[in-house]
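Have a look at the structure below before the remarks.
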Amino acid sequence: MARPPRLLGNLLLLFSLAVLLAAASLYLDNDGGHGPAASLHLTQAGWQETVATGYTAPPAEVDSANLPPAWQLVALPFSPSIALLRQAAAGAGAGATGQVPPGVRISWLKVVVDGLPVQARLLALYGIRVKTDGTIAVYINGKLAHQAQAEGPAWNSTRTPLWCTLDQHAGSAPVREILLRLEHSPASQTALSSLRLRPANVLQSAYHVRLWLQQQLPAMLSAAFMAVGVFSVFVWLRRPQEIAYLLFFNLAVTSFLRGLHFYVDLPVENDWFAWLTVNSLFWLVLAVHVFLCQLHQRPLVWLTRALVAVTLLIGVLTLPVLAVLPNMPTVTPLVYLIAPVMSMITCVAGWRHSPEGRLVVYGLFACTAMGMSDWLLQNNIINAEGWYLGAYAPAVCFITFGVLMYRRYVDAIAEVERVNAGLAERLTAREAELETSHQRLREIELRQTISDERQRLMQDMHDGLGSSLISAIRSVERGNISDERVSQILKDCLDDLKLTIDSMEPVEADLLLLLATLRFRLEPRLEGTGVKLLWEVRELPTLPWLNPSSALHILRIVQESIANILRHTRATEIRVATTHGVDGVQVHISDNGSGFDVAQALGHAGGRGLQNQRRRAASVDGKVSWQSNDTGTLFTLWLPLARAA
């Protein structure tokens, strides 16, 4: 039964992956029908560096022939080394001492275009990376075609590919020369990837993929990490004893802040933003260390204090309001060198204690390696067309700690399932015990009911039938009783026996059914005496408390009342009727006999019949009353609808 859902899930997963791959294939396979020969891959350029008095807006036109004749042929991608920069500085006006004169530097890169095979309507100039902290200007045939970073470099400028479109309308001159003007400070370094000049529809896939991988995908991963972190903090608010959820939220926040500069387009002179993104790296390392301490339940007090001290010191020294350290772009590469040291110390401390700790160390090591790669790329030590991997460091953190939380989540589910299975087993066993106990109680209750019924019958037969037979036997032995009287006593005994048997019949709380049973027994006897029975019984509500014992009391009461009429009143008519009120029902028995003095009969010592009626009525929480005169007697039995428990 479990196979169909799993098979359906696998099919759904395969379908989703197929759709994703198909979409990616359609997106990437968009060369507009042009082959590789329909473009130029520019890998050589002339390069020189000039000095300016300050940052200026790029002019509308620049003739490369008017620039100093100091062009050096360089290969693209171009990442000038320190030696080459010193050589360029000398050419730009450094003295014999090699001191670089102050001012803004302008790096010029001239690319000669030769043999563009296709005159497309819309061309595009695409470069993976242009690195500078000043304005980027692109001139096509000496005319300004594109500029960026006019207000200074944005934080994500080195991760934004160069994309410049050229509208080649009819009569336009073919592209012969591409000139790049890169402004920068003397302390910063420039770099340029190789360039591609192709129809725009051919290059746009490569451009968008690069932009997506360098900016959009890391942004989505970082946002996902942050979203899971927010979810985690809500879990911690409900379960404050689980500090791991709060630490996960802290990791998500610091990781998000650490990668914020990859996605936010802000100018470099926002010192507070620089302070935030730089210091969040140290907060992230410290958060990982605290997470490992909590994971292994080992506080590592001295190491924790040292990491906190370094983090606070870096945070204070880099505060923009204190200005202890120079401009952040200048000191950031140096500050970043401290972070790997902290990471390595944290890795060593958390390596041996658990597989989960080693997983965190692997993640931290990967993030450190990515940071070092970025540092090398930022300082022109590796190729300018490389990747800034630091943008994926939050994703690595997300995956690492997501795996930990996932394992905890899965383990928690397994634990819950195990506990539920245990509870189910205990519940099943408990139900079996309760069923056994209930069965025993039913057996005990049945035995008790049988015993009570036997006791009741024995007591009733002893008080009624037995007493009458003993009285008759003694009278016969003394010889002072007539045959008619003996016959009457035997008939009364037979009636008592029949009533006792009738009381054992199930009446299901129906008083009318009980009275009908009595009518069936009495009517033949009344017909034999010539007394007319008028049966005016009406519908009555049920009496839930009516059981065999109480039924016998009611039958005895009614039987006693009719017997008294037959014995003492000389009545020719007996009327049985029923009524009901809000809280009870009444059984009325009236006759047209001579009546009797009720008070005298109740006070007479020998009037046990009326007293027995009272006693039996009280035993079922009922009441009896008599109204008698010379024209007849009215007897009323009141019974409650419900009895007190």
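These numbers come from the heavy atoms of this one structure, side chains and all, not from hydrogens, waters or symmetry mates. Quantities reported herein were computed from a predicted structural model and do not represent experimental measurements.
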Tyr392 and Leu217: CA distance, side-chain angles, deciding distance, side-chain contact (heavy atoms from CB on, under 4.5 Å) verdict: CA-CA 9 Å; Tyr392 289 93; Leu217 178 60; 3.8 Å; yes
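- In this structure, Cys164 SG and Leu203 CG are separated by 11.5 Å, a value rounded to the nearest 0.5 Å.
- In this structure, Arg129 fails the cation-pi test against Trp387, since its NZ or CZ atom is not both closer than 6.0 Å to the six-membered ring centre and inside 45 degrees of the ring normal.
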Derivation of the side-chain contact (heavy atoms from CB on, under 4.5 Å) call for Glu242 and Val235: CA-CA 9 Å; Glu242 297 285 346; Val235 175; over 6 Å; no
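- One N or O on the side chain of Ser280 and one on the backbone of Thr277 form a donor-acceptor pair closer than 3.5 Å.
- Looking at Phe231, Phe248, Phe256 one by one, the single match for ring pair (Phe, Tyr, Trp, His ring centres under 6.0 Å) with Phe225 turns out to be Phe248.
- Taking each heavy atom of Leu213 and Pro218 in turn, the nearest pair found is O-CD, 3.3 Å.
- Not less than 6.0 angstrom separates the ring centroid of Trp236 from the ring centroid of Phe249.
- Shown here for Trp275 and Gly315, the closest heavy-atom pair between the two residues is NE1-O, 2.7 Å.
- Test Val316, Thr254, Thr318 against Asn279 for side chain to side chain contact (heavy atoms under 4.5 Å, CB included) and you get one pass: Thr318.
- Taking every heavy atom of both residues into account, Thr160 and Gln214 meet most closely at N-NE2, 4.3 Å.
- Within the structure, the salt bridge (charged side-chain N to carboxylate O under 4.0 Å, His left out) test picks out no pair touching residues 215-228 (sequence neighbours left out).
- Side-chain atoms of His146 and Leu162, non-hydrogen and from C-beta on, do get closer than 4.5 Å to each other.
- In this structure, Leu276 and Trp283 have side chains that are in contact, with non-hydrogen atoms separated by less than 4.5 Å.
- With hydrogens and angles left out, the side-chain atoms of Tyr139 and Glu177 include no donor and acceptor closer than 3.5 Å.
- The distance from the CG atom of Leu376 to the OG atom of Ser79 is 11.5 Å, given to the nearest 0.5 Å.
- Of the listed residues (Thr190, Leu182, Thr50, Val51), just one forms a side chain to side chain contact (heavy atoms under 4.5 Å, CB included) with Ile106, and that residue is Thr50.
- Relative orientation of the Trp163 and His208 rings is tilted, given thresholds of 30° and 60° on the angle between their planes.
- Once rounded to the nearest 0.5 Å, the distance linking CD of Gln189 with CD of Gln378 reads 8.5 Å.
- Here the side chain of Glu385 pairs a donor or acceptor atom with the backbone of Ser194 at under 3.5 angstrom.
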From CA spacing to verdict: side-chain contact (heavy atoms from CB on, under 4.5 Å), Arg407, Val410: CA-CA 5 Å; Arg407 293 177 60 177; Val410 171; 5.8 Å; no
Worked check of side-chain hydrogen bond (donor to acceptor under 3.5 Å, both in side chains) between Gln147 and Thr135: CA-CA 7 Å; Gln147 64 175 332; Thr135 304; 5.8 Å; no
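- With sequence neighbours excluded, the residues that form a side chain to side chain contact (heavy atoms under 4.5 Å, CB included) with Thr304 are His289, Cys293, Leu300, Val308.
- Side-chain N or O atoms of Thr311 include one that pairs as donor or acceptor with a backbone N or O of Leu307 at under 3.5 Å.
- The line from CG of Leu404 to CD1 of Ile399 is 12.0 Å long, rounded to the nearest 0.5 Å.
- Dense packing is recorded around OH of Tyr207, with more than 12 heavy atoms of other residues, nucleotides or ligands lying under 6.0 Å away.
- Nearest approach of Gly363 to Val396, heavy atoms of both residues: O-CG1, 3.7 Å.
- Under the 4.5 Å side-chain criterion, counting only non-hydrogen atoms from C-beta, Leu377 is not in contact with Thr158.
- In this structure, Asn250 contributes its side chain and Leu246 its backbone to no donor-acceptor pair below 3.5 Å.
- In this structure, the side chain of Gln149 engages the main chain of Gly134 through a donor-acceptor pair within 3.5 Å.
- One finds the CG atom of Leu312 at 10.5 Å from the CG atom of Leu317 (value rounded to the nearest 0.5 Å).
- Although no hydrogens or angles enter the test, the distance criterion places no donor-acceptor pair under 3.5 Å between the side chain of Asn383 and the main chain of Pro77.
- Considering CG of Leu260 and CE of Met226, their distance stands at 10.5 Å, rounded to 0.5 Å.
- Contact of the Arg181 side chain with the Trp108 side chain is registered, since non-hydrogen atoms from C-beta on lie closer than 4.5 Å.
- The two residues His184 and Ser107 come nearest to each other via the heavy atoms NE2-OG, 3.0 Å.
- Inter-residue side-chain proximity for Phe234 and Val230 is flagged as met; some heavy-atom pair is nearer than 4.5 Å.
- For the pair Ile178/Lys110, no side-chain contact is recorded, criterion being any heavy-atom separation below 4.5 Å from C-beta on.
- Using a 4.5 Å heavy-atom threshold, the side chains of Pro161 and Tyr126 count as touching.
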Asp133 vs Tyr55, side-chain contact (heavy atoms from CB on, under 4.5 Å): CA-CA, chis, key distance, verdict: CA-CA 11 Å; Asp133 60 359; Tyr55 290 101; 3.9 Å; yes
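- Using a 4.5 Å heavy-atom threshold, the side chains of Asn380 and Lys131 count as touching.
- Leu109 and Leu192 make their closest contact through CD1-CD2, 3.8 Å (heavy atoms, listed as atom of the first residue, atom of the second, distance).
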Residues Glu183, Thr132; criterion side-chain hydrogen bond (donor to acceptor under 3.5 Å, both in side chains); working and verdict: CA-CA 7 Å; Glu183 282 187 328; Thr132 184; over 6 Å; no
